[in-house]
**Student:** 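Please read through the structure below; I'll follow up with questions.
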Amino acid sequence: MSAWTTICSKDDLQPNSGICALVGGKQIAIFYMPQLDAVYAIDNWDPIGKANVLSRGLIGDTDGAPMVASPLYKQHFDLASGQCAEEEDVKVATYEIQIKDGKVEIKA
Amino acid sequence: MNNKQTLVVIGNGMVGHTFLESFVTSEARGQFNIVTFCEEPRPAYDRVQLTAFFSGKSAEDLSMVEDGFFEKNDIQLHVGDRAASIDRKNKTVTSEKGVTVSYDKIVLATGSYPFVPPVPGHERDNCLVYRTIEDLESIKKAAKGAKVGAVVGGGLLGLEAAKALKDLNLETHVVEFAPRLMAVQLDDGGGAMLRRKIEDLGVKVHLNKNTSNIGDGDDRFHKMSFADGEELETDIVLFSAGIRPRDDIARDCELETGPRGGVCVNDNCQTSDPDIYAIGECALWQGRIYGLVAPGYQMARIVADQLSNGDMTFTGADMSTKLKLMGVDVASIGDAQGQTEGALTYCYQDDATEVYKRLVVSADKKKLLGAVLVGDAEAYSTLLQYKLNEIDLPEHPDSLILPNRSGEVVGLGPDALPASAQICSCYDVTKGQICSAIEGGSTTVAGLKDSTGASTGCGGCAALLKSVLDCELTKLGIEVNTDICAHFPYTRQDIYNLVIVEQIKSFDELLTKHGIGSGCEICKPAVASILASYWNDHILEQSHLGLQDTNDTFLANMQKDGTYSVVPRIAGGELTPDDLINLGKVGNKYKLYTKITGGQRVDFFGARMEELPLIWKDLVDAGFESGHAYGKSLRTVKSCVGSTWCRFGVDDSVGLAIELENRYKGLRAPHKIKFGVSGCTRECAEAQGKDIGVIATENGWNLYVCGNGGMKPRHADLFATDLDKDTLIRYIDRILIFYVRTAERLQRTSVWMDNMEGGLEYLQSVITEDRLSICNQLEEQMVHVVDTYQCEWKTTIEDENKLKRFRHFVNSEDADTNVVFVQERGQIRPAREDERELAATAEQI
Ligand code: SRM
Ligand SMILES: Cc1cc2nc3c(=O)[nH]c(=O)nc-3n(C[C@H](O)[C@H](O)[C@H](O)COP(=O)(O)OP(=O)(O)OC[C@H]3O[C@@H](n4cnc5c(N)ncnc54)[C@H](O)[C@@H]3O)c2cc1C
Ligand code: SF4
Ligand code: FES
């Protein structure tokens with residue numbers, strides 16, 4: 001839970017969109033917003049739609065807070081906290097992530 | 001046997017049926033058994049729209065009867081059986097076919113019959129009248145091989161009949177006894193303008209003509225001779241010289257009737273026998289017969305109320321009308337001829353554009369008494385409200401009819417109307433009722449149509465309804481927030497205009513100039529669609545990619561387990577056996593679940609994201625292209641086999657369907673678009689349930705618009721008839737781009753139409769008359785879209801960069817282990833949760 005793992009190069013990120021990485025057997029959705037120069041990492045598993053799809057959702061913001069909308073049933077998940085906006089008790093895990101020397105690194 | 005009373009309704013025409021509809025929902029319903037006699041071979045239909053029968057509508061289209069109405073409401077219907085007599089002493093009604101029913105109450109709704117003047121020769125073959133579907137069928141038959149048709153009578157119905165003859169491609173004459181057309185509703189100036197306009201359309205008008213004889217013609221079937229010595233040769237004579245109430249059954253049982261016909265009724269619509277009511281065109285109230293539906297409907301509602309011990313009474317009805325005769329707008333209000341003592345007149349006549357308007361006002365210039373409008377009837381609803389509600393006229397009443405060149409708003413704000421003002425006369429809906437519906441939550445035009453019925457008849461009140469709605473919403477302080485989402489303070493249409501005017505090419509540019517924040521799943525796809533329909537770049541260009549809905553991003557539809565479906569285009573549903581074999585090979589190779597869709601094509605399911613490019617490479621190599629099943633765009637053009645094979649087909653529906661599908665494929669729109677093309681009116685392609693429907697006729701193609709299946713089916717509207725192919729395509733180009741530019745996001749054409757101010761007529765005026773002078777632009781935009789078409793899949797598989805996205809993991813070649821299939825009926829399907837757990841355990845063992 002401590003060391004940064006490099007998963008891909010910065011060029012592999014999809015601007016304003018998501019990709020999925022396999023880190024220690026876990027599927028992690030990674031989103032990149034170039035204007036804010038921000039990267040986010042959350043679980044790829046959609047606990048409501050029950051499929052590995054969150055990396056394929058549309059991203060944007062709700063009142064300024066970055067979010068992803070699930071491609072299956074359109075619930076919104078906060079990219080920073082993992083909180084689902086529609087279901088109070090649904091939350092996905094989030095992970096520390098950074099871009100360093102053109103590499104994308106994650107703690108998972 | 002039960003102890004209920006029996007109500008006999010004689011006549012199942014427009015008014016009789018409306019009575020039944022009101023009565024079955026009234027309080028008294030439970031106390032009566034209902035029996036109705038219907039002389040015609042079919043129950044009630046929309047006589048007002050009768051002429052549409054010649055422009056492609058069928059008898060079913062015209063029906064006024066909801067499916068299962070009689071059964072559901074337990075009404076005994078005797079179709080094709082005339083009530084022949086009433087025995088008031090024994091209280092029975094006996095029919096022509098010998099059915100005798102004891103009654104407690106009777107409602108007479110026998111309507112009227114066309115008056116045929118007793119001119120010698122009037123009984124000859126091909127001397128016809130215009131009232132029922134059977135009459136129209138006879139006219140159609142007579143028109144086969146005929147060249148010339150003449151209508152006797154230049155009133156409202158006569159001109160309607162003349163339109164029918166013209167639609168049948170006959171040289172058409174109108175012969176009128178009076179010195180002007182529509183003598184009842186118009187004045188001399190209006191009549192003269194109307195004459196000019198319809199003569200422009202190729203109809204010959206003969207005024208002051210008294211037909212004295214009809215005999216054998218020299219060149220044509222008949223020769224009509226007139227009192228002034230002139231003659232006219234024609235193949236068909238259509239009498240439309242007025243109507244006479246059908247009061248024979250009333251007269252035979254000695255009910256009081258008028259000297260010139262009609263069953264006398266009091267304010268309760270009761271005849272001289274209190275157990276017998278009369279409504280509609282057979283009823284004579286204060287010496288008047290009302291030859292329009294709206295007063296008849298009013299009487300129908302009154303009797304339903306009376307039978308429930310209500311106290312509604314008939315107090316007369318307004319005879320104002322607005323109609324389109326052969327495409328000419330004509331309206332008449334109140335005292336059109338200025339016969340009121342001391343009445344003053346304002347007149348506006350423009351010979352250049354052939355417009356005539358007249359106002360008749362009271363001596364003090366305060367109140368409107370009447371009006372005539374020919375060529376431009378836009379002022380009708382405003383004027384009618386002035387008249388009906390006795391609203392004070394503006395200081396210069398003529399401002400109401402003069403052309404408005406300053407752009408300043410004249411006319412009547414809906415605010416000025418009292419709650420009792422009738423907004424929709426077809427369904428008798430008042431402003432008060434509309435306001436309560438709005439307060440109750442119906443805050444769109446479509447919602448109000450649903451909840452109040454307003455504007456679902458002739459549609460003449462649509463503009464007024466919309467302005468009442470807008471005004472009320474503002475008053476209620478309901479700010480109608482039409483912003484597309486929190487990121488853009490604009491409607492979709494505004495954004496479209498911004499894109500056009502500022503030639504904006506990307507979402508980022510739009511957001512920087514006009515938006516807030518970083519967007520969301522609402523505005524992004526909407527803007528993507530706008531950009532796509534205007535610029536038509538590939539949707540996976542880097543700058544558009546993040547905007548697409550998931551399905552568009554991967555050019556496939558995501559299924560419940562995160563896999564995708566694959567739908568190649570099969571234009572018009574036509575494919576060769578080899579195509580089918582090739583599809584089969586692809587399905588086999590990738591072990592995909594395979595199904596025929598509801599859109600006449602093949603759908604493969606269970607493709608993993610990483611397989612999509614491989615599958616599509618094989619499909620593209622086999623000659624297939626993307627079917628855009630994932631996009632808000634043209635889906636399918638469903639076709640029937642058509643004249644090539646079908647013994648009934650009158651044109652090549654498959655050929656046209658393929659051509660249309662290939663033209664419009666790839667067009668991005670506010671929502672998906674579906675077409676249908678049928679080879680004849682049997683309509684095997686269900687074109688009338690599609691956004692765009694085309695049906696072959698003997699003379700070309702009929703175009704239907706804004707139909708819908710799905711959650712709330714909507715029958716398409718007949719937009720234009722007998723079009724040649726070029727005109728058809730031109731109209732479709734214009735309609736689609738107009739839709740693309742003006743609809744809300746995710747609004748199908750059906751809802752777009754239901755919310756359009758002015759409705760079908762407005763759309764027709766924009767598309768066929770170029771009312772907004774935008775048709776060129778619309779066509780150009782479509783040509784751009786057609787010319788820049790690319791198969792999105794072909795371009796994608798040829799571009800390394802675009803392909804990068806199609807792998808489940810950025811850092812591994814592994815597949816998603818959560819995708820598990822089991823077999824069912826010889827194919828795969830996603831495993832259920834229990835099955836999945838089983839599979840997982842099995843793997844561990
Ligand atoms: C595959 C198919 C069912 C089938 O097995 O036959 C289908 C499948 C879907 N339909 Fe459909 N519809 C299919 C024909 C229809 C039809 C019949 C037709 O087109 O003749 C209709 C009614 C006609 C109409 O649209 O007017 C139809 C009315 C809908 C609706 C309701 C639309 C409405 O206006 O009420 C939706 C929901 C929506 O679009 O919002 C919908 C949405 C969907 C979606 C996209 C739902 C979703 O988001 O997953 C389904 C995914 C398709 C896929 O994965 O490929 N589908 N759907 C049919 C594909 C036709 C094709 O070849 O492209
Ligand atoms: C071509 C055309 C265009 C028109 N356009 C307009 C318009 O634009 N606006 C407008 O307001 N009005 C219009 N009208 C007039 C409108 O159609 C009539 O006002 C309306 O149909 C009257 O309804 P009703 O029920 O009284 O009579 P009908 O609709 O005629 O119905 C009477 C029914 O009773 C049946 N019947 C009669 N006697 C018996 C019996 N003894 N037993 C059983 N059945 C019997 C008849 O066969 C008929 O089916 C138009 C009419 C025509 C023909
Ligand atoms: S719509 Fe007409 S032409 Fe087409 S298949 Fe049906 S019957 Fe034949
Ligand atoms: S006035 Fe005819 S629909 Fe309202």
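Note on naming: letters A, B, ... go to the chains in the order of the sequence lines (proteins, then strands), and numbering restarts at 1 for each one. All values reported here derive from a predicted model rather than from experimental measurement.
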**Student:** Would you mind checking if D549(B) and K74(A) are paired as a salt bridge, meaning a charged N to carboxylate O distance below 4.0 Å?
**Tutor:**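 Answer for the salt bridge query: yes.
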**Student:** Can you tell me how far apart CD1 (I19(A)) and CZ (F809(B)) are? Round to the nearest 0.5 Å.
**Tutor:**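 Interatomic distance, I19(A) CD1 to F809(B) CZ, rounded to 0.5 Å: 11.5 Å.
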**Student:** Which atoms of N551(B) are under 4.5 Å from chain A, going by heavy atoms: the side chain, the backbone, both sets, or neither?
**Tutor:**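 No part of it gets close to chain A.
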**Student:** If I measure from the heavy atoms of chain A, does Q559(B) come under 4.5 Å with its side chain, its backbone, both, or neither?
**Tutor:**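 When you check distances to chain A, only backbone atoms of Q559(B) fall under 4.5 Å.
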**Student:** Does any heavy atom of chain B fall under 4.5 Å from the side chain of A69(A), the backbone, both, or neither of them?
**Tutor:**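 It is the side chain, since no backbone atom gets that close.
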**Student:** Considering heavy atoms only, which positions within residues 509-523 of chain B lie below 4.5 Å of chain A?
**Tutor:**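 So the qualifying residues are G517(B), S518(B), G519(B), C520(B), E521(B).
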**Student:** Tell me, side chain or backbone of Q548(B) under 4.5 Å from chain A's heavy atoms, or both, or neither?
**Tutor:**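 Interface part for Q548(B): backbone (N, CA, C, O).
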**Student:** Is any residue of residues 604-616 of chain B within less than 4.5 Å of chain A by heavy atoms, and which ones?
**Tutor:**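 Under the 4.5 Å heavy-atom cut-off, M609(B) qualify.
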**Student:** Looking at C20(A), P15(A), S17(A), which makes the most heavy-atom pairs under 4.5 Å with chain B?
**Tutor:**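 That would be C20(A).
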**Student:** Hey, which of V53(A), L22(A), D63(A) has the most heavy atom pairs under 4.5 Å with chain B?
**Tutor:**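 Option with the greatest count: L22(A).
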**Student:** State which residues pass side chain to side chain donor-acceptor pair (under 3.5 Å) with R635(B); sequence neighbours excluded, sorted by chain then number.
**Tutor:**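 Not a single residue meets the side chain to side chain donor-acceptor pair (under 3.5 Å) criterion with R635(B).
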**Student:** Can you tell which part of I59(A) gets under 4.5 Å to a heavy atom of chain B, answering side chain, backbone, both or neither?
**Tutor:**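 Looking at I59(A), backbone and side chain both touch chain B.
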**Student:** Name, in order of residue number, those residues of residues 78-85 of chain A that have a heavy atom at a distance of less than 4.5 Å from a heavy atom in chain B; otherwise write 'none'.
**Tutor:**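 Counting heavy atoms that sit under 4.5 Å from chain B, no residue of residues 78-85 of chain A is involved.
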**Student:** Quick one: of M33(A), Q35(A), K50(A), R56(A), who has the most non-hydrogen atom pairs under 4.5 Å with chain B?
**Tutor:**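 Option with the top pair count is R56(A).
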**Student:** Which answer fits D816(B), side chain, backbone, both or neither, if we ask what part of it has an atom under 4.5 Å from a heavy atom of chain A?
**Tutor:**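 Both the backbone and the side chain of D816(B) come within 4.5 Å of chain A.
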**Student:** Without swapping roles, check the side chain of H487(B) against the backbone of G60(A) for a donor-acceptor pair under 3.5 Å.
**Tutor:**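 No; zero donor-acceptor contacts below 3.5 Å.
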**Student:** Measuring heavy-atom distances to chain A, does S812(B) have an atom under 4.5 Å in its side chain, in its backbone, in both, or in neither?
**Tutor:**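 Answer is side chain: those atoms of S812(B) sit under 4.5 Å from chain A.
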